[in-house]
Amino acid sequence: MALSGRVPLLVLLGLLPLVLRPSASTLWLWLLVVVVVCTVDWYAAPRPSAVVLSRAEVGSVRMGHPTATEVLAHNPGTRRLRLLVRDAWPPSAGAGDDRHRVDLRPGAALRLRTTLQPTRRGDLRALGTTVRSRGPLGLVARQATLPVPGTVRSLPPFDSRKHLPSRLARLRELDGRAAVRVRGQGTEFDSLREYVRGDDVRSIDWRASARNRDVVVRTWQPERDRRVVLVLDTSRTSAGRVDDVPRLDSAMDAALLLGALAVRAGDRVDLVAGDRRVRARLRAAGTRDVVGRMQDVLADLEPVIAEADWRSLAGAVSALGRQRALVVLLTPLEPAAVEQGLLPVLPVLTAHHRVVVASVRDPELERMARRRDDAGEVYSAAAAEQELRRRARTAELLTRLGVHVVDADAEHLPPALADHYLSLKARGLL
Amino acid sequence: MSAGTTTSRRSSRRGTAVLLLAVVLLLALVVALSGDPETATPLDPENPGREGTAALVEVLADQGVEVDVVRDAAALEASEVTTTTTVVVSSTDALGRSTVERLREHARPGLLVLLEPGPAASGALGTPPGLTVPGGGPVAASCSAAGVAGTTGDRLADLSLEVDTATSFPGPGCFPDGGGGHLLVGDDGEVVLGAAQALTNEQVLRADNAALALRLLGGGDRLVWYVPDLGDLASGDAVSVRSLLPPWLLPGLVLGLVAMLAVVLWRGRRLGPLSVEALPVVVRAVETTRSRGRLYRSAGDRPHAATALRAAARARLAERLGLGATGGGPDRVDALVRAVATATGQDPGRVAALLDPYAPTPTTDHDLITLAQDLDRLDREARHP
């Protein structure tokens, strides 16, 4: 039951009889009248379950981008329904105006639209729809909360997509579709064609020219159909926030950019994410919309407060295929975690694959090492310097094991990783 | 040094507090000893102001009249009233039904004089309600013409009165002024004076005011001046506020209260349950490093901190000067020190004291801060020589 603003007004209306006949009995009589009228109104109010609510599929949206959900309210009964409907969502769904005043005549239906703008990644579920059904006098209403399930999938935002066009341009240069067509490392023979002015004379195939009336040049194209395996670490170290963004989210951004680039380059992209166990696996061989599928798989991943089990993650990588691949480990360069967990497993991976470790660096650490104004800051600076040195040593250790380390700020990691991929591709090291 | 400063500051603060306390105590003492504050109540026998009657009381006392000022009903009842006693009542508005009864009872042997009773007091005293009128020129007594006889009337026969404002009572009375008289003699012989301003310090010398006052109040050999106190009123005696309010007000207030309750219920009912959501874990990536720094500090581990700072500075400088990665070897350190001294133009001994892993460790936090800042400066100088 819920009262409306008319009830206090009705109570105050009792001042009129009270002035005309000032006595306590008038007061009690009036209050009795109010109670009776309210009770009658409550009985006369239609039940909230009289309205039939159903929700259209919301689908998915990139985090931070607006979308909307629609609830269809249908009145199958014979009575007019005057409702106040609230479509409740978790705060991180960023629901706009979720309250709707509805006046439904018998048999009528209405769409109630609530805008959403998710501020968190993952599946956001509707919490239930509260219906308040007014009585004919509008004094009292019946209220009930009905479950109207619905989910909006908030995808990783992929902010680094802005770097994609410039990297694709570089890729086209490699690809031979642009002006430069020279033979080099990382290219394979593509075809023979007639010489046109401007072609590099070094690419003239003399033997073929001898058989032909015209001069013939060879064209080259970069290696294709290589494999890229992205391994995303969702363990405790990925939960740490760098400038208030979890490292995992920055790593996802980098993985998405690299995935998008590799697919355009004609390579196959696989994805493994996990910590103590494998949480997500994606074999993307031969599919076009790899980014969309990756976003979908990554949407619901959250950091887990547990140590990463690299043995099982390496096993998952091996299970994807024995063909040589570029394995990108997206894990923070946390000395203790790397030395204890990753190092014992690395030889297995490096034996078969080319391994790159991509880590989100925390600029705060360097800022901390620079601040030296009072005793507390100096001790912190000492701790930061020590941490930086240990990181440098870990990176050095990894490099010595034949692993390339890309360590960059959250903002710069995706392009840095993409550039590293392009340089590997240009040198034919995939 | 710092401890001494703190102590002296604290003691000076305590001295200020003591001084302040002493001043407050002194003030309180002066106020307490300065005696009763002068009252500003109109017609009060101890009020020397324009509206007081202290002068009159003084003169009466000089004339040999025994003046007794009483300020509550108990004191009044304790005072002696004989046939030659005059009881005069000022501040009559403070009288209530019960105090009037006690007053009448006690003052019966003597002469009762009531000064300018207001509308509320008139009701309690049973005197006709008066009307405030502006005074004019002198008004003659004309008591006999008004039908007022007896001792009072005779005593005032040839006097005239002049005041600024006065209360005029309807019907016959002395000092008639068009509608009514300024002085009334009641059934029990009590005198009601509407022109009490004639007794005040300011106006007592006008016309025959002084004579009127002395004849009226100095008739006997004893004067009891009663200034009634509101605190003596029996409960239920005062005029109830309730009787002045409209009768529907109280139930109206209850109605308002119920309406307020309805407002609370209206606004307090939530439209469905609260939206809940599991909050994400918020851990900053540098949290462990920061807490390790705090740990060093609480342990006071200066050697460790100094070692870490020096090692980092050595590594950075070696990289900057192109010496390659440095191990801990003494010859490598020596080479680095020489290179840094050359690059920055500083004394090699000083540079060695900063960078050498075996240099003495700072003994206080202050020295550690100095070391850290010196290392930072050296690093910057090596960058921009």
Side-chain angles (χ1 to χ4, degrees), chain A residues 2-5 7-9 11-12 14-15 18-19 22-24 26-27 30-31 84 86 88-92 99 120 127-130 132 143 145 239-242 246-247 302-303 305 332 362 364-365 368-370 372-376 378-389 392, chain B residues 246-252 254-256 258-263 265-267 269-278 280-298 301-302 304-309 311-313 315 325 365-366 368-369 371-373 375-376:
Chain A
L3 302 187
S4 81
V7 176
L9 288 179
V11 171
L12 282 182
L15 281 175
L18 213 54
V19 169
S23 91
T26 318
L27 171 71
W30 182 257
L31 290 182
L84 179 61
R86 169 187 175 231
W89 286 83
S92 66
R99 280 153 197 244
R120 259 172 87 180
L127 294 174
T129 303
T130 304
R132 193 177 270 189
Q143 179 175 322
T145 301
R241 285 176 181 240
V242 174
R247 276 183 163 142
E302 288 295 335
I305 306 301
D362 191 354
E364 178 64 21
L365 212 54
M368 233 165 95
R370 286 267 150 254
R372 300 174 171 192
D373 289 334
D374 61 43
V378 167
Y379 280 110
S380 290
E385 293 278 28
Q386 206 174 16
E387 181 71 19
L388 284 170
R389 253 163 52 81
Chain B
W248 51 265
L249 193 76
L250 202 69
V254 175
L255 201 68
V258 174
M260 209 105 81
L261 193 77
V263 169
L265 290 175
W266 164 41
R267 299 309 307 172
R269 180 79 162 104
R270 215 179 278 127
L271 189 56
L274 284 179
S275 303
V276 291
E277 178 173 26
V281 184
V282 178
V283 192
R284 289 202 298 165
V286 289
E287 207 54 61
T288 48
T289 311
R290 214 176 274 280
S291 46
R292 197 178 304 131
R294 280 195 287 266
L295 196 66
Y296 290 163
R297 188 182 189 185
S298 63
D301 198 350
R302 281 177 286 277
H304 197 106
T307 309
L309 289 170
D365 278 356
H366 191 72
L368 183 65
I369 296 172
L371 173 70
Q373 288 172 350
L375 285 172
D376 198 31

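To find a chain, count down the sequence lines: A is the first, B the second, and so on, and within it residues start at 1.
- Per-residue heavy-atom pair counts under 4.5 Å with chain A were compared for B:Gly256, B:Ala305, B:Ala313, B:Ala306, and the maximum is reached by B:Ala305.
- Of the listed residues (A:Pro91, A:Ala239, A:Ala384), the one with the most heavy-atom contacts under 4.5 Å to chain B is A:Pro91.
- Using a 4.5 Å heavy-atom cutoff, the side chains of A:Arg241 and B:Glu287 are not in contact.
- Between chain B and the options A:Ala2, A:Ser380, A:Ala88, A:Gly5, the largest number of non-hydrogen pairs under 4.5 Å is found for A:Gly5.
- A donor and an acceptor atom, one from each side chain of B:Thr307 and B:Arg302, are nowhere located under 3.5 Å apart.
- The most heavy-atom pairs under 4.5 Å with chain B, out of A:Leu9, A:Asp362, A:Leu15, A:Val7, come from A:Asp362.
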Would A:Arg99 and A:Thr130 count as a side chain to side chain donor-acceptor pair (under 3.5 Å) if you check the C-alpha gap in whole Å, the side-chain angles of each, and the deciding distance to 0.1 Å?
CA-CA 9 Å; A:Arg99 280 153 197 244; A:Thr130 304; over 6 Å; no

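- Neither side chain, B:Asp301 nor A:Tyr379, offers a donor N or O lying under 3.5 Å from an acceptor on the other.
- Among B:His304, B:Arg294, B:Met260, B:Arg290, the residue with the largest count of heavy-atom pairs under 4.5 Å with chain A is B:Arg290.
- Chain B forms more heavy-atom pairs under 4.5 Å with one residue of A:Gly14, A:Gly128, A:Ala369, A:Gly376 than with any other, namely A:Gly376.
- Chain A forms more heavy-atom pairs under 4.5 Å with one residue of B:Pro251, B:Gly252, B:Ser291 than with any other, namely B:Pro251.
- Here A:Gln143 is the residue among A:Gln386, A:Met368, A:Gln143, A:Arg247 with the most heavy-atom pairs under 4.5 Å with chain B.
- Looking at A:Arg120 and A:Glu302, no side-chain N of the basic residue comes within less than 4.0 Å of a carboxylate O on the acidic one, giving no salt bridge.
- Salt bridge A:Glu364/B:Arg284: absent, no basic N to carboxylate O contact under 4.0 Å.
- With a 4.5 Å cut-off on non-hydrogen atoms, A:Arg370 touches chain B through its backbone and its side chain both.
- Using modelled atom types, one finds no donor on one side chain facing an acceptor on the other under 3.5 Å when comparing A:Arg372 with B:Gln373.
- For A:Ser92, the parts lying near chain B are the backbone and the side chain together; criterion is any non-hydrogen pair under 4.5 Å.
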Show your working on side chain to side chain contact (heavy atoms under 4.5 Å, CB included) between A:Thr129 and A:Thr145 and close with a plain yes or no.
CA-CA 5 Å; A:Thr129 303; A:Thr145 301; over 6 Å; no

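- Contacts of A:Trp30 with chain B are made by side-chain atoms alone, with heavy-atom separations under 4.5 Å and no backbone atom involved.
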